[in-house]
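These numbers were taken from a predicted model, which means no experiment stands behind them. Convention: sequence-line order gives letters A, B, ...; per-chain numbering from 1.
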Amino acid sequence: MTTTAPTQRRTALDRVVIRFAGDSGDGMQLAGDRFTSASALFGNDLATMPDFPAEIRAPAGTIAGVSAFQIHLADFDILTPGDEPNVLVAMNPAALRGHLGDVARGGLLIVNTDAFDERSLDKVGYASNPLEDGSLDGYQVVGVPMTTLTLEAVKETGIGRKDAERSKNMFALGLLSWMYGRPVEPSLRWIERKFATRPAIMQANLLAFKAGHAFGETAELAAFEVPPATLAPGRYRRITGNQALAYGLIAASTQAKLPLFLGSYPITPASDILHELSRHKNFGVRTVQAEDEIAAVGMALGAAFAGHIGVTTTSGPGLDLKSETIGLAGTLELPLVVIDIQRAGPSTGMPTKTEQADLLHAMFGRHGELPVPIVAPYSPSSCFWAALEAVRIAVRFMTPVILLSDAYLANSAEPWRIPSLDKLPDIGVRFASRPNAGDAFLPYLRDEITLARPWAVPGTPGLEHRIGGLEKADGTGNISYDPDNHQHMTLMRHARVRAIAEDIEPLEWRGDDDADVLVLGWGSSYGPIGAAMRRLRQRGYRIAHAHLKHLNPFPRNTGEVLRRFPRVVVPEMNMGQLARLVRAEFLIDTVSITKVAGRPFRASELEERIVEVMDGR
Amino acid sequence: MAAEQVSTRERGITEPGGGAAGLTRGDLVTDQEVRWCPGCGDYAILAAVQSVLPELGIPRERFVFMSGIGCSSRFPYYMNTYGVHGIHGRAPAIATGIATTRPDLNVWVITGDGDGLSIGGNHLIHALRRNVNLTILLFNNQIYGLTKGQYSPTSERGKVTKSTPFGSLEQPFNPVSLALAAEATFVARTIDVDRKHLPEVLRRAAAHRGASFVEIYQNCNIFNDGAFLALTSKEGRSANRIYLEHGKPIRFGPGGSKGVRATGLAKLEIVDVDEVGEEALLVHDEHRDDPGLAFALSRLSDGPTSPTPLGVFRDVQRPVYGEAMEEQLRDAAARQGPGDLEALLNSGDTWVVD
């Protein structure tokens, strides 16, 4: 079965947003993920966003236990996973109840009718069956007895009912693949690979997929087509933010010609970086799952002292715990990369949800005066470059660097044009190899331009030296309580970070030259801001967008760019942290647009809120 | 492009052996004024370490001294080697990063009872469990010195200090018991004033592959003077020091009149040798795989107030963390081929847009 419905029978769409939703155990992430790969291979531009509960197996059939995966695919370049789904695949009443509110009016609901029994309806508070009581009249409802059809289809394999029933996600995937004309063969081959060690399960999944596909065809469901997008030529793959960070770190290690060391403690949503890097030991990558967050960063710092690229990965609660060691790294003046995948809320908060609320923590979250450079990726694939940039700054300026990603970037996927290796930045590292002051070696004798001290690794004869967290005399590094020296060293540590501004790309902006408003963003709000911009410009608003990839120091032309425009609007998923920094640094009265809901901005809400500012409402 | 694995060794750093000959105690002394209180036990330990290092045949540049915070943690500043004075309690973690990435180095951790057992207890037990190649010296003075005299996790119950004016309510740790329970492969105890035993134990600890843990009873003459008097006074020295020697019956006391006998499951007692005969005594075996007897020995005294074993409690071999990790890297490279960045970036499903 390689055919899809003839194109002429398919309704052409320029874009569609589909959300798969079901119980945590229903395999929605897997189905969504595979649908994404098929769409990528087909040539659409796409963006995805998984949305899963923090619990591994929340009680079955409850709204808390619903796991969802959203994909936006289009024949043009898109920037976000989409605001409202046009299509909701609901595997049970909980999925319908929990997600219907997000679906666009008139949207398509594909529902597993087998799951709508009295008990399941009751569990989520449906007094009557929404499939029968007319409450879904505003939507197009396609009811499919997916469980029954799947069981029927896989009967010949003889596997148990439980396993058989579990293949219904592949039925749904087959059905959607038919409806949207996705290529079939790659998905069949993928099922074969995935279940290679369990032939009966593999057979069941293949049969379920084929049954779903055939059902769509024979039941003559509506068929659509989203033509391939016109993307820049090159070889592409899909990549998530966390995967891109892992690859970026490996690339940085290759570029620096130094082995990579990761000290990490498992924490949502950062653990996938530890998992990914642990798979690539053939690159000389050492990973340690430390006893706690403090040990993780301590080990990374030790590795840096010993001459490796020392990295630690974490999320907010872990960043709290690492603060003291980051301070030590800053005063030892050793390169250290701290990756914080921000998640929602203070304390444990909402571990699987997104937020950008650690900016001021990264900026100031240490005792004493110790500035730390901050780098922020803005899309899943930009995480690759951000990792390279963080390592580059760390080793060039001998400083800890904090990279701020977030849960949304971490788990979202997009097509990525694979860069050619000659486009990777130069991260040359030269260890000190001989005394630098006559016969003596001064560990804090600085480079005139970068103000960095030499990196002298143990094992180098003649460069034996001691460093520590006590204030030290510039040059010798010996303990010093001299008041003038402390003043000098404090200024020096600030100057060293400020010097980085000369070494990073200037802030770019795009949009209308005579814009009334500049939208200044950072991090993952890039997509929603970009999408909102397009809509606003179509509506005739004059508007511009600049996005900060470095938050400390700011690019050297930041003030100049901001002052070019009458007003500056700063949307962020926090209570206005960048807005506060910009006000303090540039004395510009920014307008702050904030959201802390654990979810990214929707382009439409951002559009409306920017309009409110522009129209003076 | 294959990832270039350039180790620090290939960057012009010498192999062990070069320059080791001729390393003297004087080479290890820094130009920094030692700032421990006059009469502090730390001086003796510093001198002992500086006397032992030249015997190891390791060039100076391969030594790293790592410490946390506390009086003992000033130690690295006085050693003319590579050194890091870290933050409170974290020395074992930072040192794990050093030793794991650089098995060619000889890494020492200097810590105290507050640094290593209170704020840094977690890192200490995990470094021991992992068997990281570290020589960990825990200076136990049973008091907080640098913060001027609060009780520590090894202070005896009832201890009156500035923070416990009515006496401490807490059961102290027995550091040797703790290390044994943490799966340590080398555990020893010695005492600052024993000029013969201290360097002997240090030598043994340094020679051990993997994590070595040495508790050093160290007198704080300012805030806890005489804490170890039962072992250091003239009478105490002969009456209460039980020197453990591998393969020998455990005897101590004047003329070896006392001994240690096993009376049941992991239960030891002190006996008169004349009464029970030497053949009834426990023969010390450092290499027993089962740590049970070593643990029982560590429980022989409640604290350094009665006959107390000194010496090596346990010395066994287990894979060393950094070496095992290097082996994993080599295996991975042999199995998957050396890292190829181009291939990695192009892995999985890819497609071409013309």
Inset, instruction - Determine the option with the most heavy-atom pairs under 4.5 angstrom with chain B, choosing from A:L332, A:I294, A:L301, A:L424. - result: A:I294

Inset, instruction - Please look at A:A251 and chain B and tell me whether the side chain, the backbone, both or neither of the residue comes under 4.5 angstrom of a heavy atom of that chain. - result: both

Legend entry - Chi angles and distances behind the salt bridge (Lys or Arg N to Asp or Glu O under 4.0 Å) call for B:E183, B:R129: CA-CA 5 Å; B:E183 308 289 347; B:R129 170 180 74 86; over 6 Å; no

Legend entry - Charged N-O contact under 4.0 Å between A:E324 and A:R366: no

Legend entry - Most chain B-contacting option - heavy-atom pairs closer than 4.5 Å, from A:I250, A:L231, A:N478: A:N478

Legend entry - Contact origin within B:V84 toward chain A - heavy atom pairs under 4.5 Å: both

Legend entry - Contacting moiety of A:Y236, where chain B heavy atoms sit under 4.5 Å: both

Legend entry - Under 4.5 Å from a heavy atom of chain B, the part of A:H280 involved: side chain

Legend entry - Contacting region of B:M79 [heavy-atom separation from chain A under 4.5 Å]: backbone

Inset, instruction - Using the ring of A:F42 (Phe, Tyr or Trp, six-membered ring only), decide whether A:R182 places NZ or CZ under 6.0 Å from its centre and within 45 degrees of its axis. - result: yes

Legend entry - Most chain B-contacting option - heavy-atom pairs closer than 4.5 Å, from A:M299, A:K281, A:E291: A:E291

Inset, instruction - Mark yes or no: A:R286 above the aromatic ring of A:F261, with NZ or CZ under 6.0 Å from the six-membered ring centre and no more than 45 degrees from the axis. - result: no

Inset, instruction - Measure A:V288 against the heavy atoms of chain B and call it side chain, backbone, both or neither at under 4.5 Å. - result: both

